[in-house]
Amino acid sequence: MDDKYFAKKIEAKWQKKWGETEAFRAEIDEERPKFYQLEMLPYPSGNLHMGHVRNYSAGDALAWYKRLKGFNVLHPIGWDSFGQPAEDAAVKRGVDPRQWTEDNINIMRGQLERLGLSYDWSRQMYAHKPEYYKFDQWFFIKMFEMGLAYKRMTQVNWCEHDQATLSNEQASGGICWRCGNPVTKKDLEQWFLKTTAYADQLIDDMDEIEHSWPGNVIKRQRDWIGRSDGAYVDFKIAHQATAGSSDAIRVFTTRIDTIYGANAIVVAAAHSIIDAYRDHLSPEVQAKVAEIAAENLKPRDRDEEIEKDGIATGLKGINPFSGEEIPVWVGNYVMMEYGTGAVMSVPAHDERDFEFAEKFGLPIRQVISEPHLAHEHHTMQALALEDPFTEYGVLVHSDYWNGKTSEVAKAEMANHAREHGFGEAATTYRLRDWGISRQRFWGSPIPIIYCPDCGVVAEKFENLPVCLPESAPITGTGESPLSKVPEFYETTCPKCEGTAHRETDTMDTFVDSSWYFFRYTDPTNEILPFSPEVAAYWTPVDQYIGGDDHAVMHLIYARFWGKVMRDMELVKFDEPVKRLLTQGMVVGETFFDDSSGKRIYSDPREVTVIRDAKGRITEAKNSGGAVLRHAIERMSKSKGNGVDPDEMIEIYGADAARIFIMFAAPIENELVWNEAGIEGGVRFLQRVWRLVHKWESRIANGEPLGAIDESSDAARALRRKTHQSIKRITENFESLQFNTPVAALMELANAVSDIRIEPENADAGEVFAVREALTSLVLMLTPFAPHTAEELYSIVIGNENGMLANGARFPESNEELARADEIEIPVQVNGKLRSRVMAAPGTPNDELERRALTDAKVVEHTHGKTVVKVVVVPDRLVNIVVKG
RNA sequence: GCUGGGGUGGCGGAAUUGGUAGACGCCCAGGACUUAAAAUCCUGUGCCCUUAGGGGCGUACGGGUUCGAUUCCCGUCCCCAGUACCA
């Protein structure tokens with residue numbers, strides 16, 4: 001056997017073997033506990049980037065760990081193969097989107113295989129194949145029948161750069177999720193899925209996953225859904241010209257308890273009341289309203305502070321609680337899209353209202369007091385506040401409600417409003433329904449037919465899939481390409497069989513990724529998206545791994561879809577993903593040579609870098625001495641700032657790349673790629689390789705490890721290290737840490753080299769200890785470097801069939817052996833470390849204290865002083881407190 | 001601004017959750033092997049003082065609690081992410 005480590009040779013060997021034996025094929029097995037390990041599926045853009053490598057390496061590590069722990073593991077992969085880049089390629093280079101997509105899939109599948117990822121390839125799904133998108137359509141029709149899919153005219157988010165419609169989630173922050181350009185609005189008829197029908201469940205069920213999903217994702221989803229509990233209150237219009245009018249302005253407030261402090265009603269410029277009372281508005285008011293309306297439409301910078309603006313309309317409204325008549329204003333800070341487009345302005349208790357009132361000199365009346373000041377406030381005149389008091393407190397200057405707490409008053413006042421017919425408790429949400437219509441070719445056609453007689457009719461299930469035509473004129477200008485293909489849209493009505501035409505919009509590609517992981521469980525089902533019985537075995541997903549950029553897109557849609565599927569009785573749980581891990585981005589330092597317009601990756605041969613104390617780059621120069629501009633960017637081939645995974649596999653091997661990317665930083669951190677570190681990965685694997693080969697002749701007898709009396713301190717110490725490592729590494733996997741177990745493996749390997757006994761001189765106990773250490777090391781290495789581990793396992797165990805076929809198991813830690821027989825107890829004097837004493841674990845406190853006090857180094861520091869106190873922490877430490 | 005998360009050597013990062021700060025790796029330096037280089041192995045490596053033994057300082061900064069604080073509390077500064085008038 002070679003004593004040199006040939007990554008290329010062994011990687012190819014084991015990849016072939018795994019493929020031939022279908023080593024990772026998953027079948028239902030009721031005897032074993034199942035584990036569903038899932039990573040976010042890739043978009044077939046052409047090449048993997050280092051972010052994929054990080055994501056899939058982590059997922060593969062867990063899949064292997066669980067397999068070796070005896071679980072029946074489902075670890076699938078597929079392709080998010082519908083989407084805009086395919087159409088961009090068609091527009092730019094005239095290629096066929098289908099061909100382009102499938103070529104890319106082939107390239108990327110090869111890359112995944114060369115990384116040696118342990119997928120069950122037999123379960124691949126492809127979003128763009130009719131066998132899959134048939135069920136996008138199946139779900140759509142079901143939702144249409146359930147009233148969860150509907151069509152309406154709306155202002156959609158429109159990205160001018162991509163010529164594309166975006167959902168609210170995809171236009172978060174007013175920025176296109178794909179290209180980062182600002183989003184504008186456009187009027188369009190859109191199909192919507194009623195995500196808002198599940199708003200409460202999407203919030204409430206988060207309790208189930210609160211501790212197993214990253215806090216950041218939970219928080220962002222809560223914020224995105226934006227539930228606020230409050231009340232509607234109607235303020236009647238009281239204008240002399242409309243006396244007796246029953247019109248009212250309905251406001252939404254979360255602080256009905258502050259209503260006695262309302263000094264005005266402020267409405268959005270687009271509020272219907274403006275149109276309704278246009279005749280009563282002065283020309284000056286009308287002009288100002290038009291100005292504000294126009295300002296509101298302008299795209300805004302993220303950080304831009306907008307000054308409060310507005311005008312009194314001359315209309316008056318009546319506060320139904322106090323009977324007070326207050327003015328109706330138009331304000332630029334009130335949005336038509338949220339609540340009712342009208343607010344009651346309570347400057348004393350709301351920052352925005354406060355600012356508005358100050359600017360326009362409106363009265364500011366305090367009606368909520370801090371509890372300990374409440375009594376004083378009852379007896380005083382209402383005072384103007386320096387700053388708004390926005391917290392809950394006790395009501396003052398509020399008639400009947402005086403002295404009640406905000407919490408109590410909120411409930412009672414909402415009730416009061418309902419009883420008297422001028423309002424009610426209400427909950428509003430920031431979440432909007434999911435607009436899924438896309439004027440795109442490369443997506444799943446929406447299975448709807450427009451019939452002149454029957455109206456909007458869903459396609460029949462038996463006619464699915466509604467297939468995309470071979471091709472369509474793709475212009476990238478925003479019209480639906482399918483609307484130019486008569487063979488596609490000309491059809492007959494499923495109801496009356498008269499002439500009709502099909503919907504020519506396709507679905508948002510996020511539909512595909514909302515349920516793909518259920519398809520993996522039953523990938524060839526032709527009747528249903530998946531069989532509920534089969535899915536019941538594998539799902540929910542036990543562990544999902546991906547980037548947190550999908551926190552409010554994919555991950556909210558997937559949860560929504562899960563709830564819809566539950567209501568369809570396809571699944572029986574509320575949450576489809578039990579545990580989520582979001583990995584940080586892999587970024588690279590990019591350098592720009594502005595004189596030549598070139599981008600240069602941080603190759604030390606090309607770029608000289610000067611860094612500050614924090615490691616940040618202060619200056620960068622190229623080999624010619626010219627100053628370069630630099631930035632930290634997400635690594636990708638298209639940006640030219642990253643190594644290509646293929647290149648890395650070629651140079652260092654897949655195992656080295658994988659173990660390094662896991663070791664370099666905690667999985668959730670951003671990782672700045674640096675080439676030097678990966679050498680460490682190679683070195684480590686080579687070190688293990690040499691160790692195993694060095695001991696091969698003594699340990700590779702294939703016999704099971706039996707109990708043998710240890711012969712020497714060295715052997716005993718090594719066994720201790722082995723069992724401590726097993727414990728640590730197991731705990732790390734369970735808590736989803738990947739960098740620290742690699743460190744522990746390195747320590748174990750170091751411990752084996754450190755015994756400094758030549759194999760030919762080792763006694764039976766030492767051989768036993770080494771064999772146990774190396775066997776454990778190899779098995780625990782598998783999740784990070786499976787090819788190397790398989791190869792070394794075959795040497796240690798003497799079986800070439802591979803670990804899984806051989807029933808290999810992750811080693812178990814023996815507490816007894818992990819325990820040290822002597823430990824070092826640090827001794828402090830006044831909290832400063834002065835000495836160490838050795839003691840057996842469990843040595844009684846008074847014995848530890850005696851040894852510490854008589855220790856020579858300790859005496860130096862306690863001599864001539866009074867011992868005030870001795871703190872002994874069993875098996876931990878002794879601290880002697882002295883005075884004088 | 002608000003809401004979260006964070007600040008540990010030249011760098012990436014450890015630290016059993018109040019008990020030896022800096023594991024493991026990278027970088028760097030010195031040495032062995034070599035005609036030489038590569039590879040490998042060994043040694044050193046938080047900062048300062050000291051000939052040595054050793055001592056002092058040190059987890060953003062300032063306080064506090066404690067026998068003992070990277071960890072808990074209060075205040076300040078800075079960084080990252082999300083968000084943007086959500087009533």
Side-chain angles (χ1 to χ4, degrees), chain A residues 4 172-174 214-220 222-224 226-228 230 251-255 258 266 300-308 331-335 337-346 349-353 355-356 428-430 548 551-552 584 611-616 660 663-666 668-681 683-684 686-687 690 727-728 731 737 739-750 753 824-836 857 860 868-882:
Chain A
K4 286 215 163 50
S172 174
N216 181 42
V217 175
I218 296 283
K219 174 186 175 287
R220 282 176 65 187
R222 283 223 169 89
D223 288 353
W224 186 258
R227 177 163 75 186
S228 46
V251 305
F252 177 72
T253 177
T254 53
R255 293 298 303 272
T258 67
V266 187
R300 289 172 180 178
D301 268 349
R302 285 200 83 143
D303 295 320
E304 194 183 345
E305 279 244 351
I306 296 147
E307 212 187 316
K308 297 272 179 300
N332 66 341
Y333 71 102
V334 179
M335 301 183 306
E337 299 81 45
Y338 186 79
T340 60
V343 303
M344 62 180 202
S345 166
V346 186
H349 305 292
D350 182 279
E351 308 224 356
R352 293 149 303 171
D353 296 340
E355 209 187 303
F356 193 71
T428 60
Y429 302 87
R430 213 181 85 111
D548 72 354
V552 292
R611 292 171 195 274
D612 67 11
K614 285 274 166 200
R616 281 181 297 226
F660 169 64
F663 175 62
E668 64 275 9
N669 284 19
E670 183 176 273
L671 172 60
V672 182
W673 188 255
N674 95 312
E675 196 79 31
I678 193 172
E679 302 273 4
R683 276 205 283 270
F684 170 61
Q686 287 177 334
R687 214 169 136 80
R690 278 194 305 270
K727 183 163 186 277
R728 232 175 100 188
E731 285 167 358
Q737 284 175 287
N739 55 332
T740 46
V742 177
L745 289 172
M746 288 172 171
E747 282 184 53
L748 182 56
N750 291 345
S753 348
E824 196 182 69
I825 306 286
V827 181
Q828 300 179 331
V829 177
N830 286 347
K832 279 191 203 298
L833 178 71
R834 295 301 180 187
S835 185
R836 298 175 169 94
K857 282 186 197 155
E860 276 177 44
V868 179
K869 186 176 177 183
V870 180
V871 180
V872 182
V873 184
D875 292 352
R876 263 290 135 74
L877 139 158
V878 178
N879 188 15
I880 300 162
V881 186
V882 295

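Every chain is numbered from 1 and lettered A, B, ... according to where its sequence line falls, protein lines coming before strand lines.
The phosphate of B:U83 has neither OP1 nor OP2 within less than 4.0 Å of any side-chain N or O from A:Arg430. Contact check, A:Arg683 against B:C27: a side-chain N or O comes under 4.0 Å of OP1 or OP2. Under 4.0 angstrom from either OP1 or OP2 of B:G54 there lies no side-chain N or O belonging to A:Arg834. For A:Ser228 and B:A87, the shortest distance from a side-chain N or O to OP1 or OP2 is below 4.0 Å.
RNA chain B is contacted by both A:Met746 and A:Met344; A:Met746 maps to the nucleotide lying nearer its 5′ end (nearest heavy atom per residue). The residue among A:Glu747 and A:Glu351 whose nearest nucleotide of RNA chain B lies closer to the 5′ end is A:Glu351.
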Scan nucleotides 13-15 of chain B against the protein and return all N/O pairs shorter than 3.5 Å with their distances rounded to 0.1 Å.
residue : atom : partner  : partner atom : Å
B:G13   : OP1  : A:Asn669 : ND2          : 3.0
B:G13   : O3'  : A:Asn739 : ND2          : 3.4
B:A14   : OP1  : A:Asn739 : ND2          : 3.2

Listing time: all N or O pairs from protein to nucleotides 64-68 of chain B that are below 3.5 Å?
residue : atom : partner  : partner atom : Å
B:C67   : O2'  : A:Asn879 : ND2          : 3.2
B:C67   : O2   : A:Asn879 : ND2          : 2.6

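The partner of B:C85 cannot be assigned: no Watson-Crick or G-U wobble pair with both contacts below 3.5 Å exists in any strand. Look at B:G4: its Watson-Crick or wobble partner, with both distances under 3.5 angstrom, is B:C80. Nucleotide B:U35 forms a pair with no other nucleotide shown, judged by Watson-Crick or G-U wobble geometry with both contacts under 3.5 Å. Look at B:C47: its Watson-Crick or wobble partner, with both distances under 3.5 angstrom, is B:G56.
Taking the P atom of each, B:G10 and B:A60 are spaced 13 Å apart, rounded to whole Å. Rounded to the nearest Å, the gap between the C1' atom of B:G53 and that of B:A37 is 43 Å. Between B:U20 and B:G68, the distance separating the two C1' atoms is 12 Å to the nearest Å. B:G19 and B:C72 have their P atoms separated by 11 Å, given to the nearest Å. Atom C1' of B:U70 sits at a distance of 15 Å from the matching atom of B:G46, rounded to the whole Å. If you take atom P in B:G12 and the same atom in B:U66, they sit 36 Å apart, rounded to whole Å. With both ends at atom C1', the span from B:U59 to B:C47 equals 13 Å, rounded to whole Å. Atom C1' of B:U76 sits at a distance of 25 Å from the matching atom of B:A21, rounded to the whole Å.
When every heavy atom of A:Asp875 is checked against every heavy atom of A:Ile825, the shortest pair comes out as C-CD1, 3.6 Å.
Glycosidic conformation of B:U45: anti, with the torsion beyond 90° of 0.
Summarising the geometry, the separation between CD on A:Glu337 and P on B:A87 is reported as 14 Å, rounded to the nearest angstrom.
In this structure the side chain of A:Gln686 reaches within 4.5 angstrom of the side chain of A:Arg690, judged on heavy atoms. Using a 4.5 Å cut-off on side-chain heavy atoms (C-beta onward), A:Thr258 and A:Met344 make contact.
Distance from the side chain of A:Lys219 is smallest for B:G82 among the nucleotides B:C41, B:C24, B:G82. Closest approach to the A:Met335 side chain among B:G82, B:A87, B:U40 is made by B:A87 (side chain taken as heavy atoms from C-beta onward). Considering only side-chain atoms of A:Lys832, the nucleotide from B:C57, B:G82, B:A87 that sits closest is B:C57. You'll find that the side chain of A:Asn332 is closest to B:C85, out of B:C85, B:U20, B:C24. Of the candidate nucleotides B:C24, B:U3, B:C85, B:C24 has the atom nearest to the side chain of A:Ala743.
Judged by a 6.0 Å distance limit and a 45° cone about the ring axis, A:Lys308 is not positioned over the six-membered ring of A:Phe356.
Residue-level contact check: A:Gly680 touches the backbone only, with heavy atoms under 4.0 Å from sugar-phosphate atoms and none from bases.
For A:Arg876 against B:U16, a side-chain-to-base donor-acceptor contact under 3.5 Å is present.
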